[in-house]
Structure formats: structure tokens, C-alpha cells
Amino acid sequence: TLNTHLQFDSISNITSPGYATFDSTGTAGQDVSVAINYIDPGDSVSFRINAIVRDTAPANFIVPNTGNVTVTSLPGANGTTSNATGSSTPGATGTTTGERSTSGNSSVNTTLGTPTIDKQSPVAGSIYSIGQMIAYPIVVTVPEGVVQNTLITDELPAGLRYESHSVDVTGFSGVFANDPATLTSPAVVPGTDGEDVILDFGNISTPGTSGTTDTFTVTINARVTDVTGNYEGQTLSNNAFLTYTNPNTALATNVTDTP
């Protein structure tokens with residue numbers, strides 16, 4: 001049975017002995033079923049089940065998948081009649097007077113894509129003075145599907161003060177639940193010296209089933225403040241991280257980057 005975040009597509013790469021019949025007509029919805037009439041000792045059958053990840057699947061979701069196999073020792077419900085012995089097994093499958101039945105299973109999990117964040121430095125070689133504005137680009141890359149409860153935090157250091165931000169969605173096909181993003185910090189604009197910037201985008205939904213990613217850019221504009229720690233030659237470090245809900249644990253997960 002396929003997970004609900006998957007859509008059955010096809011069965012391919014079928015390899016089987018020439019005498020074996022391969023019947024997948026029992027497949028319906030999320031249940032993929034294959035029936036094979038018989039396999040001689042030492043022979044094998046292999047095939048590949050192809051499924052498409054739905055674009056409603058949450059980022060970083062661990063997709064469970066278990067294959068089950070059941071085999072019996074005789075064809076049909078009670079063997080073949082008439083057979084060489086001139087009789088058939090009287091009992092039902094698995095009983096002392098019926099055919100033997102054996103089953104087994106095997107599981108493989110697959111983890112879906114996760115978002116990434118790239119906090120970029122200001123213009124290379126630039127030197128800023130008290131009162132000047134610095135633009136910090138933050139490039140966010142999301143997989144197709146849904147990145148749940150997305151926050152972007154810019155940890156401004158002492159010596160910088162939030163003034164404004166912008167979001168460039170050129171070429172971005174996704175949708176923000178909060179559009180524009182909600183500025184949850186600072187509470188008052190401009191912010192205070194060294195106050196973090198937090199933008200709440202809610203769920204980010206990106207359509208498509210090709211397995212590609214999509215990108216948008218958040219630019220934080222901060223002003224150099226007149227504080228004791230800002231002196232000639234001083235370097236200010238500015239970090240950023242993205243927070244989203246891990247669908248496997250329902251806990252907040254941070255993705256970090258430092259310019």
C-alpha cells in the first residue's frame with residue numbers, strides 16, 4: 001500500500017521466466033497488487049513500482065513503504081484437479097489438509113527534500129559608516145510540496161538596527177500562506193540596536209511533481225548605529241536561519257547559514 005503522499009504511476013522493469021504470467025489488474029488506488037501464477041524453484045521475478053510524490057506532501061517527510069508477498073504451495077484454492085494423483089486437497093489454505101501458505105515483507109523508507117537558506121554578504125569590499133544602510137540578501141530554496149510554518153530569522157548583531165525588508169519572488173512559483181510575510185520582530189519599526197528580525201511566511205506551497213526546487217530572496221535592510229562597539233575597522237557578523245515544522249516529529253527544525 002502506497003503512502004497517501006504518493007500517487008501510483010506505473011510498473012516497469014519486469015523480469016520473469018517465460019512461463020510465468022504477470023497480472024497487475026488488481027491494482028486500485030493506493031494498493032498495488034501483482035499476481036504471478038507460479039515460479040519454479042531457483043527462478044525469480046522482479047519489477048519496479050513507480051510513484052509520484054504529490055505536491056501536497058510536507059518537506060522532509062519520511063515516506064514509509066512496505067512490500068508484502070504471499071505464496072502458496074499449490075495452484076488455485078485446492079490444487080489442480082484432476083492431477084497425477086487423481087485427487088485434490090480437501091482443506092482450506094493453511095489447514096492440516098490444505099495447501100501451505102507463506103508470507104513475508106520488506107520495507108524501505110524515503111526522505112523528501114528539505115528547505116535551505118543562503119545568507120549572503122553585502123557587496124564585496126564595501127566599507128560602511130555610522131548611519132549607512134546595509135542590505136543583506138537571504139536566498140531561500142524550497143522543494144516542491146509544502147514547507148510548514150516557515151519563519152526566517154536574521155540575528156542582527158549589536159551595531160545594526162532593522163529598518164525594512166523586501167521579498168523578491170521573480171521566477172518563484174510557490175505561494176506563501178502569509179503574503180506579505182508577517183513581521184513578528186521587531187514589534188516597532190525601526191527596531192532597536194541588535195534586535196532580531198523574524199518574518200513569518202506560514203506554509204510555503206510549491207506546485208509541481210518534477211522533483212525540482214524553487215527559490216526566492218529576502219533582503220534585510222539594516223542601519224549602522226552610533227554605539228560604542230562600532231569603531232573604525234570593526235567587523236559585524238550577521239547570521240540567519242530558517243525554521244519550519246518537521247512533519248515526522250511535529251517539532252520546529254532550524255536550518256542555518258552564516259555569510
Side-chain angles (χ1 to χ4, degrees), residues 1-115 142-148 205-214 245-251 253:
T1 300
L2 297 178
N3 183 267
T4 55
H5 292 303
L6 300 179
Q7 178 180 333
F8 173 71
D9 180 64
S10 62
I11 297 176
S12 64
N13 293 22
I14 302 171
T15 302
S16 63
Y19 59 80
T21 59
F22 188 95
D23 181 11
S24 61
T25 56
T27 297
Q30 300 302 107
D31 296 324
V32 181
S33 177
V34 170
I36 300 166
N37 58 340
Y38 73 98
I39 305 174
D40 286 336
D43 286 344
S44 64
V45 173
S46 65
F47 54 94
R48 175 179 295 172
I49 298 173
N50 304 297
I52 298 172
V53 180
R54 302 179 191 271
D55 60 13
T56 53
N60 199 28
F61 179 67
I62 299 175
V63 182
N65 185 252
T66 299
N68 300 285
V69 60
T70 300
V71 297
T72 60
S73 59
L74 295 173
N78 296 92
T80 301
T81 55
S82 286
N83 51 50
T85 65
S87 62
S88 60
T89 55
T93 301
T95 65
T96 55
T97 58
E99 63 181 354
R100 297 186 301 277
S101 178
T102 305
S103 62
N105 62 74
S106 181
S107 299
V108 175
N109 297 335
T110 302
T111 303
L112 301 183
T114 58
V142 296
E144 293 173 335
V146 182
V147 181
Q148 299 176 321
S205 302
T206 304
T209 55
S210 62
T212 59
T213 57
D214 218 342
T245 299
N246 184 325
N248 308 297
T249 63
L251 300 176
T253 298

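These numbers come from a predicted model, not from an experiment.
- A donor atom on one side chain and an acceptor atom on the other are found under 3.5 Å apart for S210 and T212.
- Residues satisfying the side-chain hydrogen bond (donor to acceptor under 3.5 Å, both in side chains) test with Q30, not counting sequence neighbours, are R54.
- Residues V142 and P115 come closest through the heavy atom pair CG1-CB, 4.3 Å.
- Between the side chain of Q148 and the main chain of P58, no donor-acceptor pair closer than 3.5 Å is present.
- For T213 against P143, the heavy-atom pair with the smallest separation is CG2-CA, 4.2 Å.
- Side chain of D55 to main chain of G208: a donor-acceptor pair is present (N/O by atom type, distance under 3.5 Å, no hydrogens or angles).
- To the nearest 0.5 angstrom, I11 atom CD1 is 5.5 Å from I49 atom CD1.
- Taking each heavy atom of A59 and V147 in turn, the nearest pair found is CB-CG2, 3.9 Å.
- To the nearest 0.5 Å, the span separating CD1 on I52 from OG1 on T209 amounts to 5.0 Å.
- Qualifying side-chain hydrogen bond (donor to acceptor under 3.5 Å, both in side chains) partners for T25, counting only residues two or more places apart in sequence or in other chains: D23.
- The side chain to side chain donor-acceptor pair (under 3.5 Å) pairs that include a residue from residues 58-70 are N60-Y244, T66-S107, where partners are two or more places apart or lie in different chains.
- Listed by chain and residue number, nothing satisfies the side-chain hydrogen bond (donor to acceptor under 3.5 Å, both in side chains) test with N13 (two or more places apart in sequence, or in another chain).
- Considering CG of N50 and CZ of F8, their distance stands at 8.0 Å, rounded to 0.5 Å.
- To the nearest 0.5 Å, the span separating NE2 on H5 from OG1 on T110 amounts to 13.5 Å.
- To the nearest 0.5 Å, atom CZ of residue F61 and atom OG1 of residue T114 are 15.0 Å apart.
- When the side-chain hydrogen bond (donor to acceptor under 3.5 Å, both in side chains) test is applied to D214, the partners found at least two apart in sequence or on another chain are S173.
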Please report, to 0.1 Å, the donor-acceptor pairs under 3.5 Å made by any side chain of residues 32-39, with sequence neighbours excluded.
| unit_1 | atom_1 | unit_2 | atom_2 | d |
| --- | --- | --- | --- | --- |
| N37 | OD1 | T21 | N | 2.9 |
| N37 | OD1 | T21 | OG1 | 3.4 |

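- With rounding to the nearest 0.5 angstrom, the CG atom of L112 is 7.5 Å from the CG atom of L6.
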